[in-house]
Amino acid sequence: MSGSYTQINYGLRPAKHIERKMLCEAFRRLSEFGSLESYRYVGFGSIYFTDFVLFHKSLGLTNLHSIEKDSYNKTRFDFNSPFKCIQLHFGESNAELPKLSWNVRSIIWLDYDDPLDSKILTDISFITAQCLQGSMLIVSTNAQPERFDNNPLDILKGRIGE
């Protein structure tokens, strides 16, 4: 379900808000590696940039990168960006992540709308090979069970291979 921002503002969902606050508290623990202000945040901002606002205000992050695959609505993303320190990257995460420099500690939250597939695993593999010690990677995917007559394991193998 890509483009979920067209259906709901995730800033209004209580469980999503709690999830963000919990992550924010976990990110504070990264200060053992260096000042949080020196970290970069990479995520999928959507048109609401809810996590970007929280992490900027609560953690003092100013090196913010939002990857947006919906390049058709580029003007809207630019308009809605709440801070000038957010750099927008338009394209699929598989194409945009390799374009970023990985010489800075990073907090990366890849909050996919889609279920786990080989593209997501490729992103995870790339980031874990590139990021510096003291970085944090969080990946969330759509875990809604599919209603097929097929075996769930067969469905997963179809998405990511054997």
Side-chain angles (χ1 to χ4, degrees), residues 1-117 119-120 122-124 126-128 130-144:
M1 169 187 10
S2 61
S4 64
Y5 69 85
T6 62
Q7 297 173 11
I8 187 167
N9 177 349
Y10 282 101
L12 302 175
R13 291 181 49 204
K16 198 70 170 174
H17 179 71
I18 292 167
E19 178 184 37
R20 279 190 190 90
K21 294 286 247 180
M22 289 171 51
L23 286 174
C24 194
E25 289 307 310
F27 297 157
R28 289 184 198 286
R29 306 283 192 249
L30 294 172
S31 62
E32 295 292 322
F33 295 98
S35 74
L36 290 177
E37 293 84 7
S38 69
Y39 272 76
R40 167 183 62 184
Y41 176 68
V42 178
F44 304 146
S46 183
I47 59 169
Y48 304 108
F49 297 96
T50 308
D51 49 331
F52 285 76
V53 172
L54 176 64
F55 301 151
H56 174 71
K57 288 183 175 181
S58 297
L59 303 174
L61 300 178
T62 57
N63 186 356
L64 306 167
H65 295 262
S66 181
I67 299 173
E68 305 299 338
K69 67 179 174 181
D70 182 5
S71 58
Y72 179 76
N73 287 310
K74 183 181 184 307
T75 305
R76 185 170 181 189
F77 285 100
D78 287 331
F79 180 80
N80 282 14
S81 181
F83 307 115
K84 291 184 187 218
C85 60
I86 298 176
Q87 296 179 46
L88 296 171
H89 306 271
F90 291 93
E92 294 285 335
S93 55
N94 291 116
E96 296 305 313
L97 288 168
K99 294 178 185 176
L100 298 176
S101 170
W102 291 95
N103 61 354
V104 61
R105 286 190 182 104
S106 301
I107 297 169
I108 307 108
W109 182 13
L110 303 179
D111 188 17
Y112 297 95
D113 288 338
D114 302 314
L116 184 66
D117 63 16
K119 286 184 178 182
I120 293 171
T122 299
D123 286 349
I124 293 168
F126 174 80
I127 290 170
T128 56
Q130 298 297 319
C131 66
L132 294 180
Q133 178 183 10
S135 294
M136 183 179 283
L137 170 63
I138 298 95
V139 178
S140 46
T141 64
N142 182 341
Q144 285 293 101

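Just so we're clear, the structure is a prediction, and the values are computed from it rather than from any experiment. Heavy atoms only: backbone and side chains are in, while hydrogens, waters and symmetry mates are out.
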Pairs under 3.5 angstrom only: tabulate donor-acceptor contacts from the side chains of residues 81-91 to other protein residues two or more places apart or in another chain.
residue : atom : partner : partner atom : Å
Ser81   : OG   : Phe83   : O            : 3.2
His89   : NE2  : His65   : ND1          : 2.8

Given 3.5 Å as the limit, does a donor-acceptor pair link the side chain of [X] with the main chain of [Y], or not?
X: Asn80; Y: Tyr48; value: no
X: Glu37; Y: Thr62; value: no
X: Arg40; Y: Ser101; value: yes
X: Arg28; Y: Leu59; value: no
X: Arg20; Y: Thr50; value: no

Can you name the nearest heavy-atom pair linking [X] to [Y], along with the distance?
X: Ser35; Y: Ser38; result: O-OG, 2.6 Å
X: Ser58; Y: Cys24; result: CB-SG, 3.5 Å
X: His56; Y: Leu61; result: ND1-O, 2.6 Å

Value rounded to 0.5 Å, distance of [atom1] in [X] from [atom2] in [Y]:
X: Asp51; Y: Tyr41; atom1: CG; atom2: OH; value: 3.5 Å
X: Ile138; Y: Leu110; atom1: CD1; atom2: CG; value: 8.5 Å
X: Gln133; Y: Arg105; atom1: CD; atom2: CZ; value: 7.0 Å
X: Ser106; Y: Met136; atom1: OG; atom2: CE; value: 12.0 Å
X: Thr141; Y: Asp113; atom1: OG1; atom2: CG; value: 10.5 Å

**Study point:** Lys74: salt bridge (Lys or Arg N to Asp or Glu O under 4.0 Å) partners, not counting sequence neighbours
**Key:** Asp78
**Study point:** Test side chain to side chain contact (heavy atoms under 4.5 Å, CB included) applied to Ser140 - qualifying residues, sequence neighbours left out
**Key:** Trp109, Asp111
**Study point:** Step-by-step salt bridge (charged side-chain N to carboxylate O under 4.0 Å, His left out) determination, Asp114 to Lys69
**Key:** CA-CA 13 Å; Asp114 302 314; Lys69 67 179 174 181; 3.4 Å; yes
Heavy-atom side-chain proximity of [X] to [Y] below 4.5 angstrom:
X: Val42; Y: Leu97; answer: yes
X: Ile47; Y: Asn73; answer: no
X: Lys21; Y: Glu25; answer: no
X: Phe27; Y: Leu23; answer: yes

Among residues at least two apart in sequence or on other chains, which ones pass side chain to side chain donor-acceptor pair (under 3.5 Å) with [X]?
X: Thr75; value: none
X: Asp123; value: Ser93, Asn94, Tyr112
X: Tyr39; value: none

